[in-house]
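Here the structure comes first, spelled out in structure tokens, and everything after it is commentary.
Just so we're clear, the structure is a prediction, and the values are computed from it rather than from any experiment. As the structure lists them, so they are numbered: ligands from 1, and atoms in each ligand from 1.
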Amino acid sequence: MRMKEENPVDKISIVVPCYNEEETLEYFYEAMTALSEKIEGAGIEIILVDDGSKDHTYEKMCALHEKDDRIKCISFSRNFGKEAAIFSGLRAGSGDCFVVMDADLQHPPETILQMYAYWKEGYEVVEGVKVSRGKESKIHKWLAGAFYDAISGIMHVDMRNSSDFKLLDRKAAEAVCSLTEKNTFFRALTYWVGFKSIAVSYEVQERVAGTTKWSYWKLGKYALRNLISFSNAPLQIVTVIGILFLLVGAVWGVDAVVSFFQGRSVGGYPSLVLLIIIATGGIMVSLGIIGAYIAKIYDEIKNRPQYIIREKKD
Ligand code: UDP
Ligand code: MG
């Protein structure tokens with residue numbers, strides 16, 4: 001027997017990106033069922049987005065959909081990344097507000113009660129903020145720290161413990177989805193769109209099952225991509241590098257001319273080599289930074305969709 005959707009006052013759409021989550025979905029569903037009984041005055045719908053999983057995630061999702069008609073399924077034609085999955089879920093939801101959370105229950109479901117309470121008070125964006133970063137290696141913590149310091153500086157908000165676990169009012173979700181860029185950074189865009197917001201802190205839980213889908217390589221690319229999509233500062237660094245070289249070069253040049261007239265212009269081989277190395281190094285770095293932006297412009301100008309949906313079950 002398929003459970004019927006009740007008809008309460010508010011509807012919360014819970015958006016869940018899933019990539020190879022066959023082991024966690026059952027736990028997730030149980031936790032959500034328990035939660036839905038605790039939320040007073042609101043019903044939930046769960047939008048599970050299969051981000052091109054290689055295991056049986058989609059079959060598991062469909063089985064849950066058969067059992068419970070509050071579950072909606074979207075399946076991508078291949079792995080497009082968590083960002084794409086979040087955006088497609090937000091576009092598919094019909095709720096009055098949206099909660100984005102991971103499938104592995106690292107985001108504690110009870111926090112949604114607090115988020116919903118704030119939404120009822122009139123807050124339009126409720127940011128889930130990590131109390132601690134959970135179990136991570138020292139190097140991971142350090143790298144993540146450096147990245148979030150940079151992003152926080154650009155955004156002028158403290159994003160160090162921010163996460164993708166958020167509640168958005170329908171207006172805020174629509175605003176985020178209306179942005180036309182393809183290189184999205186959901187975590188920061190919810191700050192960028194504004195709206196009346198508040199933070200809720202939560203303790204990062206252990207993954208219920210399965211393993212993390214991120215490798216250092218993937219995380220590194222993700223960090224770089226997000227920095228570039230949020231800031232032009234690296235391009236300004238190129239200008240600064242150029243000016244520094246010019247200044248050093250000017251002093252060096254004057255010295256060279258003076259020593260020529262003083263007749264002590266001999267040797268100079270080491271300084272020449274040094275100059276070439278420094279200058280070409282600087283040029284290479286600068287070209288690399290400019291290249292990264294050109295690549296992004298190229299990506300955006302192609303205007304390809306952020307994701308392709310293979311199948312949908314409402
Ligand atoms: N995820 C996704 N696409 C990807 C990688 C991850 O949809 O390419 C989902 C994943 O299924 C999970 C969430 O994003 O629901 C967070 O991923 P994970 O738990 O692997 O990351 P971590 O919690 O370790 O940062
Ligand atoms: Mg996780």
Side chain to side chain contact (heavy atoms under 4.5 Å, CB included) partner of Glu127, the single match among Leu168, Asn161, Thr190: Thr190
Taking atom 24 (O) of ligand 1 as the reference point, the nearest protein heavy atom with its distance: Thr212 OG1, 2.7 Å
Centroid-centroid distance, Phe80 to Tyr307, less than 6.0 Å: no
Nitrogen or oxygen of Ala85 less than 3.5 angstrom from that of ligand 1: no
Atom 16 (C) of ligand 1: the protein heavy-atom neighbour that sits closest, reported with distance to 0.1 Å: Asp102 OD2, 3.3 Å
Nearest neighbour in protein (non-hydrogen) for atom 20 (O) of ligand 1: Lys213 N, 2.6 Å
Phe147 and Phe185 aromatic ring geometry - parallel, tilted or perpendicular at 30°/60° bounds: tilted
Side chain, backbone, both or neither: the part of Cys18 lying under 4.0 Å from ligand 1 by heavy atom: backbone
Nearest-neighbour protein heavy atom for atom 8 (O) of ligand 1, which is reported as residue plus atom name and distance: Asn79 ND2, 3.2 Å
Nearest-contact summary for atom 14 (O) of ligand 1 - protein heavy atom, Å: Lys82 CD, 3.3 Å
Atom NZ of Lys302 with >12 non-hydrogen neighbours under 6.0 angstrom: yes
Glu40, CD: over 12 other non-hydrogen atoms inside 6.0 angstrom: no
Glu21 and ligand 1 - part of the residue with a heavy-atom distance under 4.0 Å: side chain
Nearest-neighbour protein heavy atom for atom 4 (C) of ligand 1, which is reported as residue plus atom name and distance: Asp51 OD2, 3.4 Å
Ring geometry between Tyr216 and His140 (parallel below 30°, tilted from 30 to 60°, perpendicular above 60°): tilted
Check: Pro17 N/O within less than 3.5 Å of ligand 1 N/O: yes
Contact check, Arg207 vs ligand 1, heavy-atom distance below 4.0 Å: yes
Minimum-distance protein heavy atom relative to atom 1 (N) of ligand 1: Tyr19 CB, 3.7 Å
Of all N/O/S atoms in Asp104, the name of the one nearest the Mg ion (ligand 2): OD2
Residue portion contacting ligand 1 (non-hydrogen atoms closer than 4.0 Å) for Gln205: neither
Asp102 backbone or side-chain N/O/S under 2.8 Å from the Mg ion (ligand 2): no
Atom 21 (O) of ligand 1 [closest protein heavy-atom partner, distance rounded to 0.1 Å]: Trp214 CD1, 3.0 Å
Gap between atom OG of Ser13 and atom CD1 of Ile47 - 0.5 Å precision: 4.5 Å
